[in-house]
Amino acid sequence: PLVLVVEDTDVSASLLCMHLRKLNCTSHRAENGEVAIEMLRSAPAPNMYSLILMDLRMPVMDGFEATKIIKDSNACNIPVVALTGETS
């Protein structure tokens, strides 16, 4: 399966992609929600990605806004899993 990892932090993105490789998954990375939306729009097939792992807090476009745009798109039924590295 191909997973879109939407994560602005290099360390977190590397860890996610490493764990996905261990699960025999291929991954692509987007640095923020805006890049992710563009990657989805320009994908050669509408459901090229099996899953989207979406960080919630990112610059440019956060995961909340990006997920709303993705889910409002009638052509996209890819599951989105929200992630955050923040603690409180």
Side-chain angles (χ1 to χ4, degrees):
L2 181 57
V3 178
L4 179 57
V5 175
V6 189
E7 172 60 64
D8 62 317
T9 307
D10 290 335
V11 172
S12 296
S14 293
L15 285 170
L16 284 167
C17 293
M18 179 186 70
H19 286 291
L20 288 167
R21 277 192 302 277
K22 287 181 180 182
L23 295 170
N24 293 318
C25 295
T26 305
S27 60
H28 291 167
R29 179 188 176 195
E31 295 80 18
N32 60 61
E34 186 175 82
V35 173
I37 299 297
E38 184 53 40
M39 289 174 72
L40 290 166
R41 287 183 178 151
S42 64
N47 287 314
M48 183 172 110
Y49 297 101
S50 301
L51 176 68
I52 300 170
L53 297 178
M54 179 78 69
D55 185 13
L56 297 176
R57 307 270 183 224
M58 296 176 288
V60 184
M61 181 186 293
D62 67 24
F64 296 103
E65 185 178 354
T67 300
K68 180 172 179 4
I69 292 168
I70 291 166
K71 290 303 176 182
D72 286 347
S73 167
N74 292 332
C76 184
N77 61 358
I78 305 167
V80 178
V81 176
L83 303 172
T84 186
E86 303 212 9
T87 61
S88 55

Exercise. Between V3 and Y49, is a side chain to side chain contact (heavy atoms under 4.5 Å, CB included) present by the stated rule, with each step listed?
Worked result: CA-CA 5 Å; V3 178; Y49 297 101; over 6 Å; no
Exercise. Given M58 and V6, is the side chain to side chain contact (heavy atoms under 4.5 Å, CB included) satisfied, shown in steps?
Worked result: CA-CA 9 Å; M58 296 176 288; V6 189; 3.7 Å; yes
Exercise. Under the side chain to side chain contact (heavy atoms under 4.5 Å, CB included) criterion, do I52 and V81 qualify, and how do the steps go?
Worked result: CA-CA 6 Å; I52 300 170; V81 176; over 6 Å; no
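Expressed to the nearest 0.5 Å, how far OG1 of T9 lies from CG of D55 amounts to 6.5 Å. Rounding to the nearest 0.5 Å gives a distance of 4.0 Å between CE of M61 and CD1 of I69. To the nearest 0.5 Å, atoms SG (C17) and CD (E7) are separated by 9.5 Å. Rounding to the nearest 0.5 angstrom, the gap separating the OG atom in S27 from the CZ atom in R21 is 6.5 Å.
Heavy atoms only, all atoms of each residue included: P59 and D8 are closest at CD-OD2, 3.4 Å.
Side chains of M48 and M39 form no contact here, defined as non-hydrogen atoms less than 4.5 Å apart. Under the 4.5 Å side-chain criterion, counting only non-hydrogen atoms from C-beta, L53 is not in contact with L4. With a 4.5 Å cut-off on side-chain heavy atoms, L83 and L16 count as touching. Under the 4.5 Å side-chain criterion, counting only non-hydrogen atoms from C-beta, L56 is not in contact with D62. Within the 4.5 Å cutoff, the side chain of F64 has no heavy atoms near those of the M54 side chain. Counting heavy atoms from C-beta outward, I37 and I70 have side chains that approach closer than 4.5 Å.
Here R29 pairs with D10 in a salt bridge; the nearest charged N to carboxylate O distance falls below 4.0 Å.
Residues M18 and L23 are members of separate hydrophobic clusters, defined by side-chain heavy-atom contacts under 4.5 angstrom among Ile, Leu, Val, Met, Phe, Trp and Tyr.
When atom types are taken as modelled, the side chain of K71 and the backbone of I78 share a donor-acceptor pair closer than 3.5 angstrom.
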